[in-house]
*Asks:* 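One structure follows; several queries about it will come next.
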Number of protein chains: 2
Amino acid sequence: MPKQNDSKNVTPSPARRGELLGVAAEVFAAQGYNATTVRKIADEAGMLAGSLYYHFDSKEGILDEILSSFLDELWQGYDEVLAAGLGPRETIEALVTESFREIDRHRAAVAIYQKESRHLAQQERFAYLVESQQKFEKAWLGTLERGVAAQVFRSDLDIRLTYRFVRDTVWVAASWYRPGGQHSPEEIARQYLSMVLDGIAVRI
Amino acid sequence: MPKQNDSKNVTPSPARRGELLGVAAEVFAAQGYNATTVRKIADEAGMLAGSLYYHFDSKEGILDEILSSFLDELWQGYDEVLAAGLGPRETIEALVTESFREIDRHRAAVAIYQKESRHLAQQERFAYLVESQQKFEKAWLGTLERGVAAQVFRSDLDIRLTYRFVRDTVWVAASWYRPGGQHSPEEIARQYLSMVLDGIAVRI
DNA sequence: TAACCTACCAAACACTTGTTAGGGAAGGGA
DNA sequence: TCCCTTCCCTAACAAGTGTTTGGTAGGTTA
């Protein structure tokens, strides 16, 4: 399955492609996918709209490549954590930390994912978004259940509500996070984990 | 300032307008504002695209009315809570509960607000989104600071991080919440507050 | 020098978009 | 009966959309 246009007799350099993908991701994240015109992307990259089609075969293809390469890297990190055989609490800690590192590295892609994944998932081309989301839920929900069984997580909470709570608190951060800001990803992860695990109220 | 088209010699009924606003909000929330065509909205309402312009003067006007009427109602509830003179913890509890009630009543509007407000706020027409967001931050951040001073909230956390944490955990719920589901808004608020205040870990 | 490849431009294409203008059907009030 | 109001339709417009086609400047290779 050719993802780029190697059906034609051209071979764009991966380096330039990478640059353009970065530009496109920034614009998509800022304006939204549908509100972004290919002329705007080209403009931001210092070229004309048609020239983009030397590197990519469609606007949708650009989006596809941004999201799938992000998810590939995400799961590389997640699978490593899940294979480490940690306890439930340590697994959650490692997943959250890894998530904030991904937000740090793929801020734009995460923002796009959050805004668009819901209605993109309905299209066949982006079916992998659904798969990823299911795998995601399995990993997090499973860990939480293990934690409840091991009596390290509270058993008086609706587990699905807890799952959504933890998942969302982590990933929405991409909407305000700016790399090179006051806190490192690890520091943010540490504070978020402290809030999620122990709450923001003073212990009596 | 006429928000509808009363410059022309027509007077659409508020009831029908309300119905159409509801339809439009649902479609906007599901597909995203820019990805939604006025033909799609009209289709969902059982009429043709041009007919919408009997009730509204533009697509943007529809969006404007959805968002502003939601914010109006939101602040009606918030102002009541803030004027009640409650303690910091009770204020947070009341604000969160009120927020979930708003999500219950204006699910679509909240979803639209979350997806689009960031880049809409740049337009002059939607300047009230910025005002609202500032007022919002002032209310929540102020309450959290009061709580830290009164030693009911932890002082070892970055207060801005805490603010974003609480704010986001509450409002993202609109992306998965469905009215008439397993839990009432009040029950969700109760569990969320329990997680935010006391954490999900078992207390040792 | 000649052939070739990379990376872009110029100009157009077909289509979709939000929006408008004029008209008409249904019903109520005079 | 006639008029007026409400609500929608038909048909079109102009602007903007993603995309294609053919061409070309500049470098690399033979």
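Computed from a prediction, not measured in an experiment: that's the story for all the values here. Every chain is numbered from 1, with letters handed out A, B, ... down the list of sequences.
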*Asks:* Among side-chain atoms of B/Tyr128 and B/Asp72, is any donor-acceptor pair under 3.5 angstrom?
*Replies:*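 Looking only at side-chain atoms, B/Asp72 and B/Tyr128 do not form any donor-acceptor pair under 3.5 Å.
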
*Asks:* Under 4.0 Å from OP1 or OP2 of C/dA7: is there any side-chain N or O of A/Arg17 that close?
*Replies:*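 Result: no.
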
*Asks:* If you compare every side-chain N and O of B/Ser51 against the phosphate oxygens of D/dC9 (OP1, OP2), does one of them come in below 4.0 Å?
*Replies:*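 Answer is yes, contact under 4.0 Å.
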
*Asks:* Return the value, rounded to whole Å, for the distance between atom CG of B/Leu52 and atom C1' of D/dT10.
*Replies:*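 After rounding, the reported distance stands at 15 Å.
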
*Asks:* Between D/dT10, C/dC8, C/dA7, which nucleotide has the shortest distance from any of its atoms to the side chain of B/Leu48?
*Replies:*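 Comparing D/dT10, C/dC8, C/dA7 against the side chain of B/Leu48, the answer is D/dT10.
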
*Asks:* Answer yes or no: does a side-chain N or O of A/His55 lie under 4.0 Å from OP1 or OP2 of C/dC8?
*Replies:*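 Yes.
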
*Asks:* Give the rounded distance in Å between these two atoms: CZ of A/Arg16 and P of D/dG26.
*Replies:*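 Taking CZ of A/Arg16 and P of D/dG26, I get 18 Å after rounding.
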
*Asks:* How many whole angstroms separate atom CZ of B/Phe56 from atom C1' of D/dC8?
*Replies:*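 Roughly 14 Å, once rounded to whole Å.
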
*Asks:* Show me the donor-acceptor pairs, under 3.5 Å and distance only, between side chains in residues 27-35 of chain B and residues at least two apart or in other chains.
*Replies:*
from, atom 1, to, atom 2, distance (Å)
B/Tyr33, OH, B/Glu60, N, 3.4

*Asks:* Rounded to whole angstroms, how far apart are CD on B/Glu19 and C1' on D/dC7?
*Replies:*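 Rounding to the nearest Å, CD of B/Glu19 and C1' of D/dC7 are 12 Å apart.
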
*Asks:* Start with the C-alpha gap between B/Tyr78 and B/Phe136, add the side-chain angles, then the distance that decides, and say whether ring pair (Phe, Tyr, Trp, His ring centres under 6.0 Å) holds.
*Replies:* CA-CA 9 Å; B/Tyr78 269 25; B/Phe136 196 91; 5.6 Å; yes

*Asks:* Tabulate protein N/O versus nucleotide N/O from nucleotides 14-19 of chain D, keeping only pairs under 3.5 Å, one per line.
*Replies:*
from, atom 1, to, atom 2, distance (Å)
D/dG18, OP1, A/Thr36, O, 3.3
D/dG18, OP1, A/Lys59, NZ, 3.0
D/dG18, OP2, A/Val38, N, 3.0
D/dG18, N7, A/Arg39, NH1, 3.0
D/dG18, O6, A/Arg39, NH2, 3.1
D/dT19, OP2, A/Tyr53, OH, 2.4
D/dT19, OP2, A/Lys59, N, 2.7
D/dT19, O5', A/Tyr53, OH, 3.2

*Asks:* Can a side chain N or O of A/Tyr54 be found less than 4.0 Å away from OP1 or OP2 on C/dC8?
*Replies:*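 No, no such contact exists.
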
*Asks:* Main chain of A/Asp158, side chain of B/Gln191: is a donor-acceptor contact present, judged purely on distance under 3.5 Å?
*Replies:*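 At least one qualifying donor-acceptor pair exists.
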
*Asks:* Compute both the distance and the angle, then confirm whether A/Arg167 meets the cation-pi test with A/Tyr163: under 6.0 Å from the six-membered ring centre, within 45 degrees of the axis.
*Replies:*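 Verdict for A/Tyr163: a cation-pi partner in A/Arg167.
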
*Asks:* Please report the distance, rounded to the nearest Å, between CD1 in B/Ile41 and C1' in C/dT17.
*Replies:*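 These atoms are roughly 13 Å apart.
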
*Asks:* Looking at A/Gly199, is its backbone amide N or carbonyl O close enough to the side chain of B/Arg154 to form a donor-acceptor pair, meaning the two atoms are under 3.5 Å apart?
*Replies:*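 Such a contact is found between B/Arg154 side chain and A/Gly199 backbone.
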
